[in-house]
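Report on one structure; see the data block that follows.
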Amino acid sequence: MNSTRIPILWALAATAVAAWAGKVIIKLLRRRNAFSVPIVGADIDDIKALKGRYVREADVLLREGYEKFKDGIFQVETPDGPRVFLPRKLAHELKPFNRHEASGMKALADRHIGQYTTIDHESDVMLGAIKIDLNRNLGNFVEDVQYEVAHCFETQFPSCNEWTPIDLHEKLLRVVAQASACIFVGYPMCRNEEWLECSTKFALDVMIGGEKLKQWHPWLRPIAQYLVPEMTRIRGDHQRAFELLLPELEKRSTESHGTGFKSRNDMIEWMQQRAKKLGDKSFDSRELAKLQMLTATAAIHTTRLAIIHALYDLAARREYIGPLRREVLEVTKDNTSILRKQHLTQMRKLDSFMKESQRHNPPSVATFQRKAMIPINLSNGFHIPAGTIVQCNTNILDEAPAEWGDPNVFDAFRFHKLRSKPEDSNKHQFASTSYDSMQFGFGNDACPGRFFASNQIKIILAYILSHYDLKFEDGVVERPRNLMFEVNVLADPAVKVLILDSDYEIRMLTAIVTGATGITGTAIVKALVDTSEYSEVYTLSRSQKSELHPKVKHATLDLQQSAGEMARSLSHIPPVTHIFFCAYLAHPDEGEAARINGTMLSNSLTALKETGKTVDLQCLVLTCGLKQPPNFYYTQQRILERAAEDTVNTWSWTVTYPQDVVGFARGNFMNLMSSLGLYCAVSREMEDSRLVFPGNKKNYLAFNDWTSARYHAEFCLWAGTAQSAKNQRFNVVNGDVQSWQDLWPRLAKRYGCIIPDKMFPSPDGERKAYPGYESGIMKLHPRPPVAEVESQLGLKDEFKQGILYNQIDLTKWARRPDVVKAWESLRDRYGLEQGVWDNATWSFLNFLLGREYSCVASMSKARKMGFNKYADTWAEFQHTLEELEAAKMLPRIAE
Ligand code: HEM
C-alpha cells in the first residue's frame, strides 16, 4: 500500500466520524432546545423540508400555525433550531419586562450572530440619541431632509421624459442613506460617497456574512469567520467608517474651541453629549463610528424597504396617485411646494396609505421578538427559560378590530377614515404602535426611530408624487408577491417600476357614474372614456352593459337599497375624484319623484361617503334626468297612449326641436321638483359635513336638465372639469336648460343677465370663459331656490351663494332660424301669446333667484287658455316645498 494513502484514509475516516458525531450532537442540541408545544408541520417527517419552508415561506407556516392553534403557542423548525411563536395576545405579558429581562436587541443580535457580526452592542448612548435627541429635534429637519432628497433625485435619477425603468432598490438606498446621513453625520459628510457606501454596505455585510457564518457549526465559527469574505469586510467597514469620520470630528473639535462656534445639532453631536452625560468612559471616536454604523443599519434598509413596498402598492393601485398627489399639493400650496413640519402631520391620506401598505407588507411577520434574559413564566403555564428567544405571530390580518372594516382588502384610506372621528384623530398614525399595530414592535422597546422613519418616508414619497408618475413594467398586472427570507418580508427586486416626469399637473381623474345604463349615464360614460384625463370609470347600476371599455369597471348596485346595503356593493371601488349622479326614477307624482330621487341620492351619498369614496372628491355632478314625469314616466312604462294623452297640449309633438331633442315634458317645473329635492338632500349632506370634500373649496354641485343626451354628457364633463368648478364653493348650473332654449328672445333681454362682454372682456369682444359651452353667467340672488326652507334645512351661508352658468347665449339662440321657426309654429298652432310662456318661465326664474314672484296673473292666464295642469303643477310645487319644509326627513324615507 502506498504510504501516502494511509493519512488520506485516516483523514476520510476521521471526517466521517466527525460528521456523524456532529449530527448526533446537533440532534441532541435540538432535542435540548425543543419545547413542549405543538410543532407546525409535525405531520411532515422531513425536517430539512420544514426548515426550507421556514426560510422561504415563514408567512404561510405562521398562518398555518395560527389557524391550527389560534391562541396557543407553537414552534417551528428553523435552520437555527426550533423557534417558539406566541399568539399576539401574549405580547401583553412580555410588555412589562424591561430590556435587561427580555431584550429585543439581544434577540436580533442572536439571530445575526452578533458576537461575530459586531451588532451585539447595546448602547445607551445610541438609544438615548435616537429615543430622546432625534425625536425631540424631528421638526427641525424637515427642510434639510427635503433638500437632500431633492439633491439626490436631481443627481441620481435620470431625466424621465418618457417612461423609464428604475431600479428602486438601488436608487432608494442612495436617497434614504443620504437623507438619513444629513441628520446622522450632517453636511458635507452626508454626501461623501465613501461614507454612504460604507454605511449602507455594512448592513448587507452583517446580514449576508451572518447567514454564511451560520452555515458553520458554532464550534467552528471562531475560525470560520476569517473564511467568510463579508465578515472580513465588516471589520474593514468599521475601520473605514472611523477613518472617514475622523477628519470631521477633528474639524468639529477645532471649531468648538474657536469663536462663533455653532452647534451642529446632529447625531454625532447628540452621541458625544450623551456619552459625556452618562459618563461613558469607553466612548471614543471608534465607538462613535461603530454606533453610527449600527444606527445606519437599523435605519436605512428598513426605511428603504417601507418606501419600496409603498411604491409597489401605488404602482399596483394607480388610482391613489391622484388623491395622494393632490394632498401633497394642497398642503404645500401656500408655501411654494416646500414641506414644513406641520405639513407632514397634515398629509393624513399619505400617512394612512403608508400604514396600510405596511400592514400588508410589514418588515417582518414576527415583529415582536424578545430574548429572555431571565426565566419568565407566562400566565398559561408556559415557561421561557433564560436565553430563549420567543416571538409573536404579529401579522395575522384577520385579527384587526371589526371597526377597521374588511382586514384583508387594501384600503389605502382606512386609517384616514378611522381618524375622522375627533376622539381618534391622533390615533392610527403610521408611527403609532398599539396592540393592533405591531409593525414597529410593541412596548418599551418598540422601534425608537419610527417617527423619524415616518417623516423620511413622507418626504420621499411626497417628492416622488409631486415629480413623477409611476407604473409597473408591461405585463405586471397586479402587485408582485413579496419574497420571504425567514420572517422578513422583502419586496421582489426583479420587478421593474417605470417612472415618468410629471408636469406637476393633477392628472388622472377617476369617476363613479350612477345610473350608467340610462341614456344620460351611457352618454356620460362614453364621454368620460373618450376623455384622456379620466383613467378609471366605475359604473354603478342594476345591470351591466355587455361591452365594457377597459377603463370602465362595473359594480352592480341597486340605488333603491338602503345606504348600508349599497355600501356592501361598493367595497372594491377606490375613492374617486368625480361622481356623476345620473340615476333618477320617474314618477307621475312630482312630490313622490322628488322624495324618491332625493332619498336615492342621499342614501347613495351616505354609502359612498361611508365607504370612503368621497375622501378625494373634487366634484359631484348631479344631472337632473331627462324627460321627467308625467309623459316620460308613461313612455318609460310603455303606457304610450297615456303619454300621448298627457303630452297632447305640449310642445313635444308639434315642434321640431333643434339639436336632438326628442320630447319635452309638460311643465317646466317638473324637473325643478326633483332638482329641489336633490338640492335639499345635498345641502343637508354638506351641512352635516357628512360629505367630505377636500380643501373646503371645491364643493361643487351642478344641476342640469338639458334634454339632449349628447349635450348633457358634454355639459356634465364641462361641469366636472371647468375652471369655475375648481374655484367655486358652490355652483348651480341649472336647470331646465331646455326651457331656456325655448325662451323668447325678449325674455333674455328682459331678464338682463346676459352681459358677456362686460363679464369676460377680451380684445375681440368675444367671450373667452368656457368656449363651446355656456356663454352666460350671472350671480344668483342671495336667496337660492331653497330660500324658503333654508332655515329649516339649516343651509350654511356659503351655500347660499351661487352662480348660474348658462350653456347658451340666449340672445344669439333666440335669433336662430330653427328657434324662430319653432316659436312661429307653436304660436300658429295654439295661438299662444308670448306672455304665457314668458311669464311662466319668468316666475320660475324669479323663484330660482329668490325674487318676488308674481305668477298668479300668468297662472290664471294659463288656466284660461286651458293649461290647467300647469296651474296644478304650480300648486303641487308649492305643496311639495311645504312638505320639504315640514318634513326635513326627505333623504331618509327609504331607510
Ligand atoms: C420603516 C422603517 C423602520 C421599521 C419598519 C423599523 C422596525 C423596527 C422593529 C420592528 C423593531 C423591533 C421593535 C420591537 O421588537 O418591539 C425596531 C427596533 C429598532 N429600531 Fe427600527 N424600524 C425602522 C426605522 C428605524 C430607524 C430610522 C431607526 C433609527 C433612527 C431605527 C432604530 C431602531 C432601534 C435602535 C431599534 C431597537 C430598539 C430597542 O430594542 O430598544 N429604526 N425597528
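Computed over heavy atoms, backbone and side chain alike; hydrogens, waters and symmetry mates excluded. Numbering of ligands and ligand atoms starts at 1, following listing order.
- Ring planes of Trp404 and Phe415: perpendicular class, angle over 60° (limits at 30 and 60°).
- No hydrogens or angles considered: a donor-acceptor pair under 3.5 Å links the side chains of Arg111 and Gln369.
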Original post:
After noting the C-alpha distance and the side-chain angles of Thr367 and Phe440, does the key distance pass the side-chain contact (heavy atoms from CB on, under 4.5 Å) rule?
Top reply: CA-CA 7 Å; Thr367 44; Phe440 282 112; over 6 Å; no
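- Remark: the backbone N or O of Val84 is paired with a side-chain donor or acceptor of Gln391 at under 3.5 angstrom.
- Residue Lys131 places no N or O, backbone or side chain, under 3.5 Å from any N or O of ligand 1.
- For Glu101 (side chain) and Asn98 (main-chain N/O), a donor-acceptor pair under 3.5 Å exists by modelled atom type.
- Met105 CG, 3.4 Å is the protein heavy atom nearest to atom 40 (O) of ligand 1.
- Ring geometry for Tyr468 versus Phe153: interplanar angle of 30 to 60°, hence tilted.
- In this structure, Met438 falls outside the shell of residues with a heavy atom less than 4.0 angstrom from ligand 1.
- Ring geometry, Phe353 versus Phe410: the interplanar angle exceeds 60°, so the pair is classed perpendicular (tilted spans 30 to 60°).
- Remark: of the listed residues His416, Arg325, Lys458, Lys458 is the sole one forming a side-chain contact (heavy atoms from CB on, under 4.5 Å) with Leu350.
- In terms of polar-atom proximity, Phe442 is counted as a contact of ligand 1, with an N or O under 3.5 Å from an N or O of the ligand.
- In Gln456, neither the side chain nor the backbone holds a heavy atom less than 4.0 Å from any atom of ligand 1.
- Within the protein, the N, O or S atoms lying under 2.8 Å from atom 21 (Fe) of ligand 1 are Cys447 SG.
- By the 3.5 Å distance cut-off applied to N or O atoms, Arg370 is counted among the residues near ligand 1.
- A donor-acceptor contact shorter than 3.5 Å links the side chain of Arg88 to the backbone of Tyr435.
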